[in-house]
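Working notes for the structure below.
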Protein chains: 2
Amino acid sequence: MPAISDVARLAGVSKATASRALSGRGHVAEQTRKRVVQAASEIGYIASPDAASLVTGRTKNIGVVIPFVNRWFFGTVLDGIERTLLSAGYDLTLYNLPIAGPDRSRVFDFFLARKRVDAVIVIGVDLSAGEIGGLERREKPVVCIGGSGEVTARLSIDDHDVGVLAASHLLHLGHTRIAHLAGIGAMSAPRSVPGLRAAGFLEATDAAGLPLRSEDDPAGAPGAIVVEAAMSMPGGFEAGLQLLGHPAHRPTAVFAASDEMAFGLIRAAERLGLSVPRDLSVIGVDGHEHAGLFDLTTIAQSPSDQGRLAVEVALRMLGGDAQADPLPDSGAPMPTRLVVRGSTSRPAAG
Amino acid sequence: MPAISDVARLAGVSKATASRALSGRGHVAEQTRKRVVQAASEIGYIASPDAASLVTGRTKNIGVVIPFVNRWFFGTVLDGIERTLLSAGYDLTLYNLPIAGPDRSRVFDFFLARKRVDAVIVIGVDLSAGEIGGLERREKPVVCIGGSGEVTARLSIDDHDVGVLAASHLLHLGHTRIAHLAGIGAMSAPRSVPGLRAAGFLEATDAAGLPLRSEDDPAGAPGAIVVEAAMSMPGGFEAGLQLLGHPAHRPTAVFAASDEMAFGLIRAAERLGLSVPRDLSVIGVDGHEHAGLFDLTTIAQSPSDQGRLAVEVALRMLGGDAQADPLPDSGAPMPTRLVVRGSTSRPAAG
DNA sequence: TTGAAAGCGTTACCAG
DNA sequence: CTGGTAACGCTTTCAA
């Protein structure tokens with residue numbers, strides 16, 4: 001493996017000059033720079049990042065903490081991050097965070113505690129105060145996408161508003177028996193993404209005069225109901241079979257907390273012989289790339305943009321200038337938009 | 001940031017002893033070891049991996065090259081890798097490889113060329129001779145999962161056999177008009193995963209006396225046909241609309257090269273008013289976690305096991321003993337099994 | 001503009 | 001079993 005001293009010798013300069021010529025820091029005569037670069041490529045020299053970061057304190061490496069890679073939102077955010085990092089010359093170290101348990105603290109206390117990453121991007125994780133404290137103590141920039149926890153830099157859509165928007169769309173169409181397929185923890189963790197969406201939903205249905213019902217309530221009456229399930233296609237499917245199983249109790253519209261849940265719900269409806277949107281209107285959240293295929297009305301967001309932006313924010317924070325607000329638009333929520341397709345319509349007459 | 005010299009001072013020993021005590025290499029009196037460990041945890045010391053790898057040449061970091069994170073197979077393999085690596089104390093650096101273009105060579109020539117990873121795991125990539133040469137020149141262990149290219153360590157299922165098995169299942173049921181929804185490149189890259197599956201399919205249909213047909217052939221006659229599409233749900237959907245669009249040309253059974261394609265195909269069939277399996281039998285490949293939800297017959301494999309195993313192989317190669325065969329079972333293919341569900345049946349009479 | 005030399009934080013060798 | 005010391009490969013003062 002050629003070292004910088006080899007390059008220096010071949011180019012007839014000192015290590016110092018070779019370093020300056022190759023890294024672009026400090027002034028070097030154009031002619032010598034060329035000679036050094038030529039020598040380097042001749043022997044296939046590539047700088048050792050370890051040696052460099054040992055002295056500079058920078059690793060050119062960003063840690064990404066993510067709970068799933070196999071859910072569309074998360075995978076797509078990761079994709080956006082990776083692409084942006086690649087073109088900035090940064091490495092991405094992936095930490096697939098288990099929901100809880102000893103491995104989770106291992107990620108925070110061991111892996112992230114070492115000096116291997118310049119910054120951390122955390123996607124869709126509800127961070128505990130202790131975890132946040134640990135990260136901040138290392139003085140590494142932390143950028144969050146979604147999730148919850150009192151952190152300085154967070155990029156996210158307005159999840160409460162998403163809930164309001166979805167409910168309003170259904171109310172507007174004239175539905176009065178509406179269910180919300182919420183993510184796990186919606187009721188117990190009000191600041192989490194599922195919690196905020198559920199709260200927005202309930203606020204809107206309440207404002208419209210719909211009472212909150214439980215599954216045991218008398219059938220057929222107007223009202224809103226919230227059911228929790230895994231935010232995945234099977235989650236939506238299972239919950240859907242349950243929710244739609246009793247004709248008398250059946251809502252005429254459902255707001256699913258994610259498009260993947262909505263897909264599962266639609267399949268459950270079909271399995272039960274229901275037609276969407278004639279018997280059931282469905283609206284989801286995400287703007288999943290398969291939403292068109294299911295003809296699903298959804299509240300779209302742009303995960304890959306969020307990923308790209310998170311990287312830009314992190315790099316900006318790394319670039320010093322600690323005073324300047326690193327967040328674009330002073331931390332305004334990321335945009336969402338209602339995409340109306342064929343899965344929502346007015347309820348059947350009667 | 002506390003350094004090892006701080007630990008040494010606090011414990012009243014030399015740096016050398018402190019290092020030995022903490023890393024476990026070399027002999028240290030049990031009593032001093034305890035004192036050092038105690039001192040380390042007291043000041044929250046964590047070794048700098050950069051400094052360590054500078055001298056040992058080992059980074060405790062594995063590079064993973066992957067073309068998608070958002071396809072189930074790839075995401076699940078990644079998950080298995082990550083989990084295994086985490087418990088072995090290794091980091092995972094992710095390279096989301098663009099299919100082609102300058103960014104692709106950048107991954108190989110710049111990112112992987114640096115000394116930042118101890119080994120590389122490559123998932124589902126058709127490696128060129130040049131790319132393989134580059135990797136081998138760095139003398140880093142390379143483990144491939146799927147994909148193609150003449151590399152020493154490869155873990156994969158027998159994709160040719162998968163094609164045979166799928167075709168045989170359909171033939172056995174009595175189908176004589178069978179289509180194969182193949183991945184892109186199946187016909188042009190015979191050693192690739194799509195190529196092998198298609199070859200197996202054609203071998204079996206040919207042996208059964210079914211002629212290979214093109215889309216323009218006279219309708220209704222027995223035969224096998226191969227259509228290429230993206231190995232995703234939308235890919236299967238679009239191709240399905242095309243393939244099933246003309247009633248006269250319609251096959252009675254389709255072998256989709258992945259479960260995700262099969263899901264799309266099933267939706268296309270439903271969209272066209274066809275009933276599965278009455279009008280159309282469908283078999284996929286993967287054992288996708290949603291296969292049950294679509295009641296899909298499939299040839300299941302275990303991506304997360306493949307991921308786990310790839311890590312074990314890589315670590316074994318790293319552990320010296322270059323002579324011993326690092327591959328389990330002398331490189332025998334990974335297991336697959338036919339899971340019969342409701343999407344395949346005998347063709348309708350007539 | 002260039003060079004010499006002093007680190008960065010470890011581990012590994014060689015004495016003791 | 002332990003301590004001193006020399007690397008590892010780079011960047012960065014400080015002088016020239």
Side-chain angles (χ1 to χ4, degrees), chain A residues 1-37 39-40 43-61 89 91 110 113-118 138-139, chain B residues 1-37 39-40 43-61 89 91 110 113-118 138-139 318 320:
Chain A
M1 285 281 130
I4 199 170
S5 53
D6 300 317
V7 176
R9 196 176 319 117
L10 184 58
V13 298
S14 70
K15 280 168 37 178
T17 306
S19 172
R20 281 187 283 252
L22 293 171
S23 69
R25 273 184 286 266
H27 288 244
V28 182
E30 178 56 18
Q31 197 191 350
T32 35
R33 198 191 62 76
K34 277 208 172 121
R35 227 172 43 240
V36 172
V37 169
I43 60 178
Y45 168 78
I46 293 177
S48 155
D50 290 315
S53 45
L54 195 55
V55 44
T56 60
R58 286 298 174 81
T59 63
K60 285 253 177 188
N61 186 21
D91 277 328
F110 172 64
R114 298 169 314 161
K115 306 136 187 75
R116 228 176 207 172
V117 298
D118 292 337
R138 325 226 178 283
E139 309 191 339
Chain B
M1 285 280 131
I4 200 170
S5 54
D6 301 317
V7 177
R9 195 177 318 117
L10 185 57
V13 297
S14 69
K15 278 167 40 177
T17 305
S19 172
R20 280 187 288 254
L22 294 170
S23 68
R25 271 184 288 264
H27 289 245
V28 181
E30 178 56 20
Q31 197 191 350
T32 34
R33 197 191 62 77
K34 278 209 172 118
R35 227 174 42 242
V36 172
V37 169
I43 61 179
Y45 167 76
I46 293 178
S48 155
D50 291 315
S53 45
L54 194 56
V55 44
T56 60
R58 287 300 175 80
T59 62
K60 283 250 175 193
N61 185 22
D91 277 327
F110 173 66
R114 299 170 312 162
K115 306 134 186 73
R116 225 173 209 176
V117 298
D118 291 337
R138 326 224 178 283
E139 309 192 336
L318 243 28

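We name chains A, B, ... by the order of the sequence lines, and we start the count at 1 in each one. We use all heavy atoms of the structure for the numbers below, so side chains are in, but hydrogens, waters and symmetry mates are not.
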Audit row: B:V28, B:K34, side-chain contact (heavy atoms from CB on, under 4.5 Å) steps and yes/no = CA-CA 10 Å; B:V28 181; B:K34 278 209 172 118; over 6 Å; no
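- To the nearest angstrom, C1' of C:dT10 lies 16 Å from CE of B:M1.
- The phosphate of C:dT2 has neither OP1 nor OP2 within less than 4.0 Å of any side-chain N or O from A:T17.
- Within 4.0 Å of B:A16, counting heavy atoms only, lies at least one base atom of the nucleic acid.
- For A:T17 and A:S14, the side-chain atoms include at least one donor-acceptor pair closer than 3.5 Å.
- B:S5 OG to B:L10 CG: the interatomic distance, rounded to the nearest 0.5 Å, is 11.5 Å.
- The shortest non-hydrogen separation linking B:Y45 to B:I4 is CE1-N, 3.4 Å.
- Heavy atoms of other residues, nucleotides or ligands lying less than 6.0 angstrom from CD of A:Q31 number 12 at most.
- As a whole-Å value, the separation of B:I4 CD1 from C:dC8 P is 15 Å.
- Per the geometry, NZ belonging to B:K15 stands 14 Å off P belonging to D:dA7, to the nearest Å.
- One interatomic measurement links the two molecules: CZ of A:R58 to P of C:dG9, which rounds to 16 Å at whole-angstrom precision.
- Residues from residues 19-35 of chain B lying near DNA chain C, meaning a heavy-atom separation below 4.0 Å, are B:S19, B:R20, B:R25 in numerical order.
- Here B:S14 reaches the OP1 or OP2 of D:dG3: one of its side-chain N or O atoms lies under 4.0 Å away.
- For the pair B:A51 and A:V55, both in contact range of DNA chain D, the more 5′-proximal nearest nucleotide belongs to B:A51.
- Here D:dA7 presents its P atom at 22 Å from CG of B:D50, a figure rounded to the nearest Å.
- Between B:K60 and B:D91 there is no salt bridge, since none of the side-chain N atoms of the basic residue sits less than 4.0 Å from a carboxylate O of the acidic one.
- The side chain of B:L54 sits closest to C:dG9 out of C:dT11, C:dG9, D:dC10.
- The NZ atom of B:K60 sits 22 Å away from the P atom of C:dG9 (whole-angstrom rounding).
- We find the CE-NZ distance between A:M1 and B:K115 to be 6.0 Å, quoted to the nearest 0.5 Å.
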